[in-house]
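I have placed the structure first, in the form of structure tokens, so that the comments after it can refer back to it.
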2 protein chains.
Amino acid sequence: MKAKTYSISDLSKEFAITTRTIRFYEQQGLLAPSRQGQTRIYSEKDRVRLMLTLRGKRLGFSLAETRELFDMYDSTREGDEKQLEYMLNILARKRADMEQQLKDIENLQRELASAEERCLSALSEVRKREKAQRAAS
Amino acid sequence: MKAKTYSISDLSKEFAITTRTIRFYEQQGLLAPSRQGQTRIYSEKDRVRLMLTLRGKRLGFSLAETRELFDMYDSTREGDEKQLEYMLNILARKRADMEQQLKDIENLQRELASAEERCLSALSEVRKREKAQRAAS
DNA sequence: TATAAAGTTTACGTTTACGTAAAGGTGAAA
DNA sequence: TTTCACCTTTACGTAAACGTAAACTTTATA
């Protein structure tokens, strides 16, 4: 039952972020580490929340949005009807957002691939010409 | 040969953004509309760039990044070897980013779906209990 | 015991991406 | 002709997400 814990620098190293960032997330209500005296002690749950927060960032979520999702997730246990309906709405919106992002990414991937092709062929053109030039000198 | 053009408010309506935003993007070098006197005239190319800029935003690109991509795309025509190699590097990085985002989205979609399930079953629980309560009164 | 290494709080600074006036020009309709 | 509606520039304001520095405590180690 020895629950694994982490120091702030453990987490900052693992996720390649500054301790300032981690404290800031706490201040924004995203993390709630326990304390040992003054020092923050992070549980596995805190670590997961940090991961989720960072993933949220990669997906364009604001910290406030992520926090809202966390809060709702927690309050879902209480089973308030209004809350549940509200959460379902948010979930539907997020899912729509993700659908859009999927399309965006697929399109961009296609474009990046074709840009890469054009780039490579332009590059081989340049190199062919260089070679010809060297041969002629 | 009558090339279609757009006014600033045309574009602001189409994309549901303010004219301030559009002018700001121009100031950041993302758009380059021609002028008729003082008034800006947007070409189809401008419109496409605006679309791409907005998509970039949805995918977490900064305006500076998007601008860099535009600039590179344009300068690719000139076929400078260094430039081409540089662009290929950037393209590779972006593709890796997009791969990560794809994974992020797939994971989040799964989680949203399961959160929705839990939410719905919690909701039906609540309603069942309410019904029972009404019947008992 | 002193000195580094890691932790803390407080607080002002910075960048990005616009928002929000203020003050004015231009052309068409009433 | 005046009154809209739409355009312009200039410029200060702002929210989000940290960066950075100062000043201090606690713990480990030489």
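Letters go in sequence order (proteins before strands), and every chain restarts at 1.
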Is the phosphate of [N], meaning OP1 or OP2, less than 4.0 Å from a side-chain N or O of [X]?
X	N	answer
A:Tyr25	D:dA17	no
A:Thr18	D:dG19	yes
B:Lys57	C:dC18	yes

In whole angstrom, give the distance that lies between atom [atom1] of [X] and atom [atom2] of [N].
X	N	atom1	atom2	result
B:Phe15	C:dC18	CZ	C1'	18 Å
A:Ile22	C:dG7	CD1	P	9 Å
A:Lys13	C:dA5	NZ	P	12 Å
A:Gln36	C:dA6	CD	P	17 Å
A:Leu31	D:dA17	CG	P	14 Å
B:Gln28	C:dC18	CD	P	9 Å
B:Ile17	C:dG19	CD1	C1'	14 Å
A:Phe24	D:dT20	CZ	P	15 Å

Salt-bridge present ([X], [Y]; N to O < 4.0 Å):
X	Y	answer
B:Glu44	B:Arg47	yes
A:Asp104	B:Arg58	yes
B:Arg49	B:Asp74	yes
A:Glu116	B:Arg93	no
A:Glu26	A:Arg20	no
B:Glu125	B:Lys128	yes
B:Arg127	A:Glu85	yes

Would you check if A:Lys131 and A:Arg134 make a side-chain contact, meaning some heavy-atom pair closer than 4.5 Å?
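They are in contact (side-chain heavy atoms under 4.5 Å apart), so the answer is yes.
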Protein-nucleic acid N or O pairs under 3.5 Å, nucleotides 8-12 of chain C:
from, atom 1, to, atom 2, distance (Å)
C:dT8, OP1, A:Arg40, N, 2.9
C:dT8, OP1, A:Arg40, NE, 2.7
C:dT8, OP2, A:Arg23, NE, 3.0
C:dT8, OP2, A:Arg23, NH2, 2.6
C:dT8, O3', A:Arg40, NH2, 3.4
C:dT9, OP1, A:Arg35, NH1, 3.3
C:dT9, OP1, A:Arg35, NH2, 3.3
C:dT9, OP2, A:Arg40, NH2, 2.1

Fellow cluster residues of A:Tyr6, listed by chain then number, with links counted only when side-chain atoms sit under 4.5 Å apart:
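A:Tyr6 clusters with A:Ile8, A:Leu11, A:Phe15, A:Ile17, A:Ile22, A:Phe24, A:Tyr25, A:Leu30, A:Leu31, A:Tyr42, A:Val48, A:Leu50, A:Met51, A:Leu52, A:Leu54, A:Leu63, A:Phe70.
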Nucleic acid contacts - residues 59-74 of chain B versus DNA chain C, non-hydrogen atoms under 4.0 Å:
B:Ser62, B:Leu63
